[in-house]
Structures are given as structure tokens and as C-alpha cells.
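In what follows, a structure is listed as C-alpha cells, so that the remarks can point back to it.
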Amino acid sequence: MAYWLVKTDPDSYSWDNLVKDKKVVWDGVRNYQARNNLMKMLIGDEVLVYESQSPKIVTGITTVTKEYFPDPTTEDNAWVAVELKFKKSFKKHVSLEDIKSLPELGNIALIRQSRLSVMPLTADEFEIICSMGK
DNA sequence: GCCAACGTTGGC
DNA sequence: GCCAACGTTGGC
């Protein structure tokens with residue numbers, strides 16, 4: 001079981017949308033590094049969702065329900081999508097500030113590589129963020 | 001709204 | 001194949 005974090009721009013697709021939809025095809029990724037991460041996701045992996053803009057927060061947890069397939073939003077088969085299912089909303093959203101304040105999380109790509117939209121987390125990093133979010 | 005960081009494109 | 005120019009992302 002692996003752990004991931006994906007970023008979304010709430011103007012285009014927000015956590016609230018996902019809570020209503022229950023499932024979403026995570027498409028539109030146009031960055032090779034991010035795509036390579038999508039391709040490594042396996043069914044059952046847990047994926048945190050982060051909203052950029054303001055406020056910048058991790059909102060909850062999803063699980064992978066479909067492994068990668070061609071991105072339906074483009075004919076270019078270089079790009080792939082996965083399907084994610086709602087699992088849980090955090091009682092307390094975890095802000096970027098909270099994450100930055102913890103030395104244990106100083107290495108995650110969210111901080112080191114702010115433009116990457118799909119990134120791996122270690123089990124420890126995942127657990128720390130979940131324990132802050134409850 | 002600005003700008004730094006980064007990825008991509010295209011001329012050489 | 002290098003690198004300058006450009007576009008985009010995302011934090012502030």
C-alpha cells in the first residue's frame with residue numbers, strides 16, 4: 001500500500017465537489033513527473049487531497065479505485081488518469097502552514113517542489129498529516 | 001497582483 | 001544538444 005498527495009485548484013474542482021460526487025476521474029495532469037506518479041498508483045492506495053489557492057489546505061482522504069488509463073480529456077495518449085473515491089473528510093483541515101511547521105514534513109514535495117501536482121508520501125508522512133486532520 | 005521557480009519550446 | 005525565451009503554476 002502506497003500513499004500519495006494530489007493537488008487541486010478548487011476553482012476547477014474542489015473537495016466539496018468530490019464529497020458530493022463520491023468518485024472522480026483525476027484527469028488533466030500535463031506534467032511528466034506527476035503522470036509517472038499517477039501510473040504508480042494501485043487500487044487501494046490512499047491519496048490525500050490538497051487545495052491550492054486560499055486557504056491552502058489538505059481536506060481529506062481518497063482511495064484509488066481504478067489504476068491508470070488514458071486521460072479522456074485528450075487524444076494524446078502520453079497522458080493518463082486514475083479514479084479516486086471519497087474516503088473521509090478531515091475534521092480539521094491541515095494547512096500548508098501546519099505542514100511547514102513540522103520538521104518531519106520538511107522533505108515532502110509539497111514544500112520542496114511546490115509545482116508538482118501528484119506526489120508520493122511515506123507512510124509516516126501520511127500518518128502525521130492524518131493525525132493532524134483527524 | 002506580483003514574481004520566483006520550473007517546465008517546455010524553438011533557434012542556433 | 002544547448003540555452004534563451006516564454007508560459008504556467010502557485011505561494012505570498
Side-chain angles (χ1 to χ4, degrees):
Chain A
M1 155 104 60
Y3 301 95
W4 309 93
L5 184 148
V6 296
K7 279 202 272 204
T8 187
D9 176 352
D11 287 345
S12 44
Y13 194 81
S14 70
W15 180 252
D16 285 345
N17 294 138
L18 177 57
V19 170
K20 285 195 205 93
D21 297 345
K22 299 292 180 200
K23 275 185 177 184
V24 62
V25 172
W26 207 262
D27 56 24
V29 170
R30 295 292 182 273
N31 168 286
Y32 286 104
Q33 212 182 333
R35 182 209 58 178
N36 291 344
N37 289 329
L38 281 182
M39 291 173 73
K40 290 183 214 152
M41 288 185 184
L42 299 176
I43 287 177
D45 282 358
E46 307 218 327
V47 183
L48 295 177
V49 175
Y50 171 84
E51 289 188 341
S52 61
Q53 309 279 359
S54 199
K56 294 175 282 297
I57 45 173
V58 179
T59 46
I61 310 172
T62 62
T63 55
V64 176
T65 45
K66 271 190 196 152
E67 291 167 16
Y68 77 91
F69 52 92
D71 186 333
T73 65
T74 175
E75 301 198 352
D76 183 347
N77 59 17
W79 304 115
V80 303
V82 297
E83 185 185 73
L84 301 177
K85 183 179 72 171
F86 170 83
K87 180 175 182 191
K88 154 178 192 185
S89 279
F90 282 156
K91 289 200 183 68
K92 179 178 170 300
H93 293 157
V94 180
S95 70
L96 181 62
E97 210 173 278
D98 292 337
I99 291 170
K100 280 187 168 171
S101 71
L102 283 186
E104 300 93 305
L105 298 177
N107 269 336
I108 68 175
L110 188 65
I111 292 168
R112 288 212 333 273
Q113 205 179 339
S114 69
R115 292 183 55 187
L116 185 63
S117 59
V118 181
M119 65 196 75
L121 293 176
T122 66
D124 284 349
E125 290 160 353
F126 180 86
E127 286 306 326
I128 291 170
I129 294 172
C130 288
S131 71
M132 287 196 286
K134 294 284 193 314

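The chains referred to below are lettered A, B, ... by the order of the sequence lines, with proteins before strands, and numbering in each begins at 1.
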Without swapping roles, check the side chain of [X] against the backbone of [Y] for a donor-acceptor pair under 3.5 Å.
X: A:E51; Y: A:I57; answer: no
X: A:N31; Y: A:A34; answer: yes
X: A:D71; Y: A:A81; answer: no

Less than 4.0 Å between a side-chain N and a carboxylate O, is that true for A:K40 and A:D45?
->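 Salt bridge flag = no for A:K40 with A:D45.
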Considering non-hydrogen atoms only, spot the tightest contact between A:E67 and A:V82 and give its length.
->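 It is C-CG1, 4.3 Å.
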Side-chain N or O of [X] closer than 4.0 Å to phosphate OP1/OP2 of [N]:
X: A:K7; N: C:dG10; answer: yes
X: A:K100; N: C:dC12; answer: yes
X: A:Y32; N: B:dC6; answer: no

Can you tell me how far [atom2] of [N] sits from [atom1] of [X], to the nearest Å?
X: A:I108; N: C:dG10; atom1: CD1; atom2: P; result: 15 Å
X: A:I99; N: C:dG10; atom1: CD1; atom2: P; result: 15 Å
X: A:D9; N: C:dG10; atom1: CG; atom2: C1'; result: 9 Å
X: A:Q33; N: B:dA5; atom1: CD; atom2: P; result: 17 Å
X: A:R30; N: C:dT8; atom1: CZ; atom2: P; result: 14 Å
X: A:N31; N: B:dT8; atom1: CG; atom2: P; result: 6 Å
X: A:Y50; N: C:dG10; atom1: OH; atom2: C1'; result: 8 Å
X: A:W79; N: B:dT8; atom1: CH2; atom2: C1'; result: 10 Å

If two hydrophobic side chains count as joined below 4.5 Å and joins carry through other members, does A:M119 share a cluster with A:I111?
-> yes
Is there a donor-acceptor contact under 3.5 Å linking the side chains of A:D98 and A:S101?
->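 The criterion, which ignores hydrogens and geometry beyond distance, is not satisfied for A:S101 and A:D98.
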Counting only non-hydrogen atoms, which of residues 110-121 of chain A are less than 4.0 Å from DNA chain B?
->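 Output list: A:Q113, A:R115.
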